[in-house]
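The structure displayed is predicted, hence computed values, not measured ones. FYI, the numbering just counts along the sequence from 1.
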Amino acid sequence: MKKVLLVFFLLTGFNRVYACEICGCGVGNFYLGMVPKFNSKFVGVRYRSINYKSQMHDDPSEYSNDHYQTVEIWGGWNVSNKVQLMTFIPYQFSQRITDDGDKFSNGLGDITILTNFNFWNYSAGNVNHLLWLGGGVKLPTGQYKINFEDPDNNLGDPNAQAGT
């Protein structure tokens with residue numbers, strides 16, 4: 001099984017993905033990812049990087065090369081067999097290289113706190129399936145500052161904001 005997973009990640013992990021820049025793939029968005037199965041509690045650090053390039057079809061001189069990075073401290077605690085708390089504390093880095101110049105920003109993102117409830121637990125041999133349902137709050141700790149009247153005063157793009 002480990003060999004199958006290794007081959008899967010090697011085949012899919014280095015491919016380029018083409019997407020639309022208005023999908024909200026910037027740093028201010030929440031990323032849950034794969035959640036580890038843990039018995040009691042855990043704390044970790046993770047990193048993610050998002051890049052995209054855009055260019056106007058009618059005017060190739062208008063372009064944008066965006067690079068968003070997030071370093072995040074995250075952790076979880078199983079309060080009981082059925083209840084789990086998770087916290088995410090991100091720090092965001094944004095870089096936009098455009099035909100209008102280079103723009104940089106970094107700062108604390110929105111802190112997220114989740115509570116999950118173990119709705120379904122199935123075990124058969126070495127296979128264990130869990131279904132968690134939950135919800136949470138996203139605290140407005142990240143800065144969201146866009147002044148559409150003065151685009152030179154900020155990154156000018158909602159995706160480049162540390163907060164939402």
Side-chain angles (χ1 to χ4, degrees), residues 9 12-55 62-120 129-164:
F9 285 120
T12 61
F14 299 104
N15 293 330
R16 288 186 178 213
V17 176
Y18 297 95
C20 169
E21 67 271 6
I22 61 173
C23 66
C25 62
V27 295
N29 291 298
F30 175 68
Y31 171 75
L32 185 59
M34 294 185 70
V35 178
K37 183 177 183 239
F38 54 95
N39 292 328
S40 177
K41 54 189 159 255
F42 81 95
V43 174
V45 177
R46 63 182 176 177
Y47 168 82
R48 77 175 185 262
S49 175
I50 303 168
N51 298 299
Y52 68 84
K53 297 180 181 184
S54 60
Q55 186 175 28
E62 292 186 35
Y63 66 91
S64 174
N65 298 327
D66 300 346
H67 186 72
Y68 304 127
Q69 301 174 80
T70 303
V71 176
E72 183 172 63
I73 297 172
W74 66 315
W77 174 42
N78 286 335
V79 178
S80 69
N81 290 336
K82 296 279 188 185
V83 178
Q84 177 185 83
L85 295 174
M86 297 190 75
T87 302
F88 305 85
I89 305 171
Y91 193 84
Q92 320 284 1
F93 304 90
S94 298
Q95 176 185 15
R96 298 193 73 215
I97 300 170
T98 69
D99 56 298
D100 293 331
D102 299 348
K103 300 172 185 177
F104 304 92
S105 174
N106 60 348
L108 180 67
D110 291 338
I111 295 173
T112 304
I113 302 170
L114 298 177
T115 301
N116 299 320
F117 177 74
N118 188 340
F119 186 71
W120 183 65
H129 294 283
L130 301 170
L131 177 62
W132 293 90
L133 298 176
V137 294
K138 194 173 187 184
L139 305 173
T141 54
Q143 184 178 24
Y144 186 86
K145 182 180 177 184
I146 292 184
N147 182 357
F148 290 106
E149 303 298 321
D150 184 11
D152 294 331
N153 193 22
N154 55 44
L155 288 175
D157 181 8
N159 286 333
Q161 303 298 312
T164 55

Once rounded to the nearest 0.5 Å, what's the spacing between atom CG of Leu85 and atom CG of Leu114? 9.0 Å
Sorted by chain and number, sequence neighbours left out, ring-ring contact (aromatic ring centres under 6.0 Å, His included) with Phe119 holds for none
Reported CG-to-CG distance for the pair Asn39 and Asn78, which is rounded to 0.5 angstrom: 7.5 Å
Can you find a pair of side-chain heavy atoms, one from Leu133 and one from Trp120, that are under 4.5 Å apart? no
Where do Tyr91 and Asn106 come nearest, in terms of heavy atoms and distance? OH-ND2, 3.6 Å
Separation of Gln95 CD from Ser105 OG (nearest 0.5 Å): 11.5 Å
Given side chains that start at C-beta, do those of Ile89 and Thr87 come closer than 4.5 Å, heavy atoms only? yes
Any luck finding a side-chain donor-acceptor pair between Tyr68 and Gln92 under 3.5 Å? no
Taking all non-hydrogen atoms of both residues, which atom of Asn116 and which atom of Gly134 are closest, and how far apart? OD1-CA, 3.7 Å
If I compare all heavy atoms of Ile97 with all of Tyr63, which pair ends up nearest, and what's the gap? O-CE1, 3.8 Å
Are the side chains of Asn81 and Asn118 in contact, using a 4.5 Å heavy-atom criterion? no
Does any non-hydrogen side-chain atom of Met86 lie less than 4.5 Å from one of Phe88? yes
Closest heavy-atom contact between Ser64 and Arg96? OG-NH2, 3.1 Å
What distance separates Thr141 OG1 from Ile111 CD1, expressed to the nearest 0.5 Å? 4.0 Å
Distance, nearest 0.5 Å, that separates CG of Leu130 from CH2 of Trp132: 6.5 Å
Smallest heavy-atom separation, Val45 atom then Ile73 atom, equals CG2-CG1, 4.4 Å
Tell me if the NZ atom of Lys41 is crowded by more than 12 foreign heavy atoms within 6.0 Å. no
Mutual orientation of the aromatic rings belonging to Phe42 and Trp74 [parallel < 30°, tilted 30-60°, perpendicular > 60°]: perpendicular
Minimum heavy-atom separation for Pro90 to Leu108, with atom names? O-CD1, 3.3 Å
Could you check whether any side-chain heavy atom of Trp77 comes within less than 4.5 Å of a side-chain heavy atom of Val79, counting everything from C-beta outward? yes
